[in-house]
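Working notes, beginning with the structure itself.
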Amino acid sequence: MIHLLSKVNAQIFPPQSNLLHHHSTDPKSRSGSPSSPTKSQMGRRQSDPEATHCSTPVLLLVGLFSCSLVYAFLSVVLKPNSPSSFSEMESLAMVEQSKVESDGGCCRGIENLELWGAAVKWGSEFKFNSSEECCQACKGMCSGTDGPCLCDSWVFCGNREACGSKFGECWLKKQKDTLSPERQETGKTVSWTSGIIFGRGEGIVGLETPYGTLHIKLLPDCAPHSVAYILELLQLRHCAGCQFYRAESRGESWDSEGNHIKDASFGPPFALVQGTLEAQGATFKELPTEFCPTLKRGSVAWIGSGPEFFVSLANHEEWKKEYTVFASVLPEDMHIAETIAQLPTTADVWNNINVSVLEKPVPLTLHRIKTSRGELTTNAK
């Protein structure tokens with residue numbers, strides 16, 4: 001097996017609580033589990049003999065100094081509203097920090113999968129005892145804030161019997177397109193485990209609604225199967241049937257930062273917007289439960305095995321790790337989720353739980369986001 005530039009372009013994988021519930025097309029059959037210089041500053045008069053001797057260099061210095069002040073002023077006041085300035089980069093930093101604090105540095109891949117790509121570390125000379133160590137090695141090459149990751153995918157052979165002399169090999173690779181990784185082989189006969197890593201400003205997709213686009217950062221190192229499904233949806237170039245159908249505000253139980261208010265109830269309302277991410281005409285295979293991050297404000301998680309999902313408007317520590325968190329909304333987009341949570345609803349009861357169902361479901365469109373050094377720009381359709 002040669003781990004070099006791939007000649008194969010393919011998708012990464014083949015399709016694969018009581019407070020939250022699955023939704024069906026029949027409203028009655030819902031069941032399941034569940035953010036200017038003055039004159040005095042112009043130097044001496046030229047009629048002064050001493051001033052005549054020194055006027056040129058003095059004026060030059062004053063001119064240079066003035067230009068520096070003007071440049072500094074304009075660079076602050078007229079600074080373009082670039083996504084790579086405070087809002088985008090700060091929000092990405094907040095998402096990354098929140099993930100580190102909540103997931104404890106989880107690092108997972110998918111078994112029986114061999115990703116292709118350009119090798120940046122050769123496994124024959126780079127070995128570990130576990131896939132997690134291999135994953136962490138790749139993540140260690142993707143910890144900078146300037147430019148793309150040096151490593152964005154890894155392949156590990158961890159089955160001693162099946163791998164033979166290749167046991168422990170850890171191949172670190174670089175993909176041409178991190179949202180469409182190249183695969184070599186997949187299936188039960190494949191002895192490799194593979195995963196992808198998204199650096200800061202990478203792995204961001206858009207959930208477009210009539211009220212704005214929710215930019216979400218995917219978490220493949222925590223929920224690789226879930227992220228693989230999202231990447232498949234991107235390949236379809238449509239998400240007909242995807243929508244939000246339930247919306248509940250933070251009420252009087254959580255503050256604007258998602259913190260629970262002392263002595264307040266835990267709902268209803270339950271501080272979330274719920275929907276489905278299943279494209280009509282596509283076959284959906286239940287996703288495995290993938291534990292890692294706890295639910296925080298902005299978390300995007302599956303209900304059960306999907307495709308029902310929700311965006312959390314609050315920090316739901318009380319739900320512990322009951323739901324698979326596979327993405328996180330960038331903080332500056334949370335106002336869009338909050339807007340949806342304020343739309344007109346009707347009361348309903350699901351499995352003895354009072355819920356609020358949107359009078360008009362909010363349609364969703366899933367699309368790629370082009371990134372460059374942390375800057376976000378939507379691709380033209």
Side-chain angles (χ1 to χ4, degrees), residues 10-17 19-34 110 179-180 186 203-211 213-220 222-248 270 272-290 295 299-312 322-329 336-337 340-341 343 345 348 350-351 355-369 381:
Q11 297 176 349
I12 179 170
F13 316 115
Q16 319 195 31
S17 113
L19 299 182
L20 301 176
H21 304 273
H22 291 291
H23 166 75
S24 72
T25 53
D26 180 0
K28 301 300 182 181
S29 64
R30 299 184 180 105
S31 62
S33 57
I110 294 182
L179 289 181
S180 184
T186 186
I204 297 174
V205 299
L207 290 178
E208 186 175 348
T209 77
Y211 303 95
T213 299
L214 291 165
H215 295 89
I216 64 172
K217 169 83 172 183
L218 299 175
L219 310 177
C222 295
H225 292 276
S226 301
V227 171
Y229 173 70
I230 298 299
L231 298 186
E232 283 184 356
L233 284 182
L234 285 178
Q235 299 296 327
L236 294 178
R237 299 183 181 277
H238 80 88
C239 200
C242 297
Q243 61 180 0
F244 284 121
Y245 53 78
R246 174 187 177 188
E248 299 184 16
F270 294 107
L272 57 84
V273 288
Q274 180 177 334
T276 184
L277 282 174
E278 181 180 15
Q280 293 177 353
T283 301
F284 176 79
K285 182 180 179 181
E286 289 190 351
L287 296 164
T289 300
E290 301 175 287
L295 279 162
S299 293
V300 186
W302 298 119
I303 300 170
S305 299
E308 313 303 314
F309 80 109
F310 67 97
V311 175
S312 178
E322 188 172 351
Y323 305 99
T324 296
V325 177
F326 64 90
S328 184
V329 177
I336 299 171
I340 295 173
L343 295 176
T345 59
D348 202 348
W350 298 352
N351 288 9
V355 300
S356 298
V357 180
L358 287 166
E359 292 182 357
K360 295 182 179 180
V362 176
L364 295 174
T365 301
L366 186 69
H367 59 79
R368 292 173 60 108
I369 299 295
K381 293 184 178 180

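Atoms considered below: every heavy atom in the structure, side chains included; atoms not considered: hydrogens, waters and symmetry mates.
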| Which pair of heavy atoms, one from Pro210 and one from Pro363, lies closest together, and at what distance? | CD-O, 3.7 Å

| task | Please report the closest heavy-atom contact between Arg368 and Leu234, naming both atoms and the distance. | result |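 It is N-CD2, 3.8 Å.
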
| Derivation and outcome, side-chain contact (heavy atoms from CB on, under 4.5 Å), residues Phe326 and Leu287 | CA-CA 11 Å; Phe326 64 90; Leu287 296 164; over 6 Å; no

Measuring from [X]:[atom1] to [Y]:[atom2], what's the distance to the nearest 0.5 Å?
{"X": "Thr276", "Y": "Ile303", "atom1": "OG1", "atom2": "CD1", "value": "9.0 Å"}
{"X": "Glu208", "Y": "Ile336", "atom1": "CD", "atom2": "CD1", "value": "10.0 Å"}
{"X": "Leu364", "Y": "Leu214", "atom1": "CG", "atom2": "CG", "value": "8.0 Å"}
{"X": "Gln243", "Y": "Thr209", "atom1": "CD", "atom2": "OG1", "value": "13.0 Å"}

Are [X] and [Y] packed together at the side-chain level, in the sense that at least one heavy-atom pair is separated by less than 4.5 angstrom?
{"X": "His225", "Y": "Ile110", "value": "yes"}
{"X": "Val357", "Y": "Thr345", "value": "no"}
{"X": "Val329", "Y": "Leu207", "value": "no"}
{"X": "Pro307", "Y": "Phe309", "value": "no"}
{"X": "Thr365", "Y": "Cys239", "value": "no"}
{"X": "Val311", "Y": "Ile340", "value": "no"}

| query | In terms of the angle between their ring planes, are Phe284 and Tyr229 parallel, tilted or perpendicular, with boundaries placed at 30° and 60°? | reply |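 Phe284 and Tyr229: perpendicular rings.
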
| task | On the 0 to 90° scale, with breaks at 30° and 60°, tag the Trp350-Tyr245 ring pair as parallel, tilted or perpendicular. | result | tilted

| query | Side chain of Ser328, backbone of Lys217: donor and acceptor closer than 3.5 Å? | reply | no

| Ser312 side-chain N/O to Leu272 backbone N/O, donor-acceptor pair under 3.5 Å |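 Not a single qualifying donor-acceptor pair exists.
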
| Pick from Glu308, Glu248, Arg246: which one makes a side-chain hydrogen bond (donor to acceptor under 3.5 Å, both in side chains) with Gln274? | Arg246

| request: Go through Ile230 and Ile216 one step at a time and tell me if the side-chain contact (heavy atoms from CB on, under 4.5 Å) criterion holds. | output: CA-CA 11 Å; Ile230 298 299; Ile216 64 172; 5.6 Å; no

| field | Evaluation steps, side-chain contact (heavy atoms from CB on, under 4.5 Å), between Thr289 and Trp302 | value | CA-CA 9 Å; Thr289 300; Trp302 298 119; over 6 Å; no

| How far apart are the C-alpha atoms of Phe244 and Leu343, what are their side-chain angles, what is the distance that settles it, and do they pass the side-chain contact (heavy atoms from CB on, under 4.5 Å) test? | CA-CA 11 Å; Phe244 284 121; Leu343 295 176; over 6 Å; no

